[in-house]
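First listed ligand is number 1; within each ligand, the first listed atom is number 1. Computed from a predicted model, the values in this text were never measured in an experiment.
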Amino acid sequence: MAFEQQLRVPGPTPIPERVMRSAARPMINHRGPDAAVIIRDLVDGLRWGLQTENDILLFPASGTGGLEAAVANLFSPGEAGLFCSIGSFGDRWADIAAAYGVEAVRLEIPWGEALDPEDVDRVLAEHPAIEKVCVTHNETSTGVVNDMRSIAAVVKGRGKLLAVDSVSGAGVMPLPVDELGLDVVVTASQKGWMAPPGLAMIAVSPAAYRAAAAARCPSFYFDFARQKGFIDQGTTFTTPPLGVMYALQEGLAMLREEGLENVFARHQRVADMIRAGLVAIGLRLLAPEAHRSNAVTAVHSPASSPEQLKAFLAALRTRHGLVLAGGQGQLAGRVFRVGHLGFIEERDAYSILATIEQGLADHGLLSRVGLTVAAAQRVARGTQAAPEPAGAGR
Ligand SMILES: *Cc1c(COP(=O)(O)O)cnc(C)c1O
């Protein structure tokens, strides 16, 4: 029995001690000056992380609430919108739109592949009435990251509004919101931001507000314009999850101390280490090389059946304390997923890899251990500054 679990699902993610202590602070009046200071700090920090001057709206909700907010504010019933899906979360966004009576035109890509910007361009040419496009940045169900730069170039090039689900990508991989011209970007506290679940954070452009003013889908709780009025006054429409906000404030402070480029580089390095380690023992990754996510890796099941995969994951958890995720939807029983976003560094990569190896060996799925760590070490060495110039005579 492990004393403490090592939580490596792609959200919720582990939170640092500093963040945990921060979350335990006493409650305050959410209409008072102390709350205003926190809200302004969160807005500043998220603007920094998302590289945007746009408004940041905070809603008490999980990430799905943020996706629903985007639909409710941007669309009218009967309006056609393009929903690009490369997996389970992309499907969910289109399903939300359908529930609001929006005519969701679905561009569906086989799970495990990335969106081709040319396909987006073609569908937009075929449907000139479409004014708004919704795209998943990082598809957590498949470990595939879309190339938002080329997709934004197509969508913005046609003068359309672009809404992005970056619930699991933001704060992990670069997403320069203003540079790419993204109109709505949804993220959530429990993924890359090192905080508990409970807060949806949405970056909203002036063009998105204009679209919202004209849109007729019903919205109340998630109304952008009203929440903007409250956030601008340093409060929120309803009671916010103060504990989550304390935590997010501290998580953002830690990320800012580290520096944005360093945050992205750390995720790149850790993801590269984990991928190299898994590949070194013959495991196959679902995502194509050019689109592998630095937030989560989906791995084809090494087991002979879904039941054996389930037993393997259960043993990792109960015997070794390592909690990984299974597959979602059509990938259930066929892949497992390693979350490597948020509070993670090199030592965690070694520990995750060695534990996976041990678990595979326990199940007779691997005969020799040690290869993953060696492969990860080569990656880590290759990306660190060399301790001394090559050939310096040792
Ligand atoms: C986690 C996640 C969501 C939202 O999930 P919630 O459980 O509602 O927080 C949405 N999209 C993506 C890509 C995600 O990873």
S.K.: Do the side chains of Glu118 and Arg122 get close enough for a salt bridge, i.e. N-O under 4.0 angstrom?
M.R.: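 Looking at Glu118 and Arg122, the cut-off is not met.
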S.K.: Would Arg226 count as a cation-pi partner of Phe220, with NZ or CZ less than 6.0 Å from the six-membered ring centre and within 45° of the ring normal?
M.R.: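 Judged by the rule, Arg226 and Phe220 form a cation-pi pair.
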S.K.: Using a strict 4.0 Å threshold on nitrogen-to-oxygen distance, state whether Asp95 and Arg106 make a salt bridge.
M.R.: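 Between Arg106 and Asp95 there is a salt bridge, with a charged N closer than 4.0 Å to a carboxylate O.
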S.K.: Going by the atom numbers of ligand 1, which of them fall below 4.0 Å from some non-hydrogen atom of Lys191?
M.R.: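 This gives 1 (C), 2 (C), 3 (C), 14 (C), 15 (O) as the contact atoms.
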S.K.: Tell me which one of Asp165, Asn138, Leu341, Val186 gets a heavy atom nearest to atom 11 (N) of ligand 1.
M.R.: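 Ranked by closest heavy atom to atom 11 (N) of ligand 1, first place is Asp165.
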S.K.: Please determine whether any non-hydrogen atom of His137 lies less than 4.0 Å from an atom of ligand 1.
M.R.: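 The answer is no, since His137 has no heavy atom less than 4.0 Å from ligand 1.
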S.K.: Need the ligand 1 atom indices (1-based, order shown) with element for anything under 4.0 Å from a heavy-atom of Val167.
M.R.: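 Ligand 1 atoms under the 4.0 Å threshold to Val167: 1 (C), 2 (C), 3 (C), 10 (C), 11 (N), 12 (C), 14 (C).
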S.K.: Check ligand 1 against Gly63 and write out every atom of the ligand that is under 4.0 Å from a heavy-atom position of the residue.
M.R.: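 Going through ligand 1 atom by atom, the ones under 4.0 Å from Gly63 are 4 (C), 6 (P), 8 (O), 9 (O).
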S.K.: Nearest to atom 10 (C) of ligand 1, what protein heavy atom do you find, and at what distance?
M.R.: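 Answer for atom 10 (C) of ligand 1: Phe89 CD2, 3.3 Å.
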S.K.: Assess Gln190 for proximity to ligand 1: is some non-hydrogen atom of it under 4.0 Å away?
M.R.: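 In this structure, Gln190 qualifies as a contact of ligand 1 - some heavy atom is under 4.0 Å.
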S.K.: Thinking salt bridges, do Arg158 and Asp121 make one under a 4.0 Å N-O criterion?
M.R.: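 Judged by the 4.0 Å cut-off on N to carboxylate O distance, Arg158 and Asp121 do form a salt bridge.
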S.K.: If you count the atoms of ligand 1 from 1 in the order shown, which ones are under 4.0 Å from a heavy atom of Thr140?
M.R.: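 It comes down to these atoms of ligand 1: 12 (C), 13 (C), 14 (C), 15 (O).
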S.K.: In ligand 1, which numbered atoms sit nearer than 4.0 Å to a non-hydrogen atom of Ser168?
M.R.: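 Checking each atom against Ser168, I get 13 (C), 15 (O).
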S.K.: Heavy atom under 4.0 Å from ligand 1: found in Ser62's side chain, backbone, both, or neither?
M.R.: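 For Ser62, backbone and side-chain atoms both sit under 4.0 Å from ligand 1.
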S.K.: Is the cationic atom of Lys191 (NZ for Lys, CZ for Arg) positioned less than 6.0 Å from the six-membered ring centroid of Phe343 and within 45 degrees of its normal?
M.R.: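 No.
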S.K.: Below 4.0 angstrom, N of the basic side chain to O of the carboxylate: do Arg266 and Glu345 qualify?
M.R.: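 No, Arg266 and Glu345 are not salt-bridged.
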S.K.: List ligand 1 atoms under 4.0 Å from Thr64, heavy atoms only on the residue side.
M.R.: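 So the atoms of ligand 1 that pass are 4 (C), 5 (O), 6 (P), 8 (O).
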S.K.: Give a yes or no on whether a salt bridge exists between Asp44 and Arg40, defined as a side-chain N under 4.0 angstrom from a carboxylate O.
M.R.: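 Between Arg40 and Asp44 there is no salt bridge, as every charged N stays at least 4.0 Å from the carboxylate O atoms.
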S.K.: Salt bridge check, Arg292 against Asp272: does any charged N sit closer than 4.0 Å to a carboxylate O?
M.R.: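 Salt bridge absent between Asp272 and Arg292.
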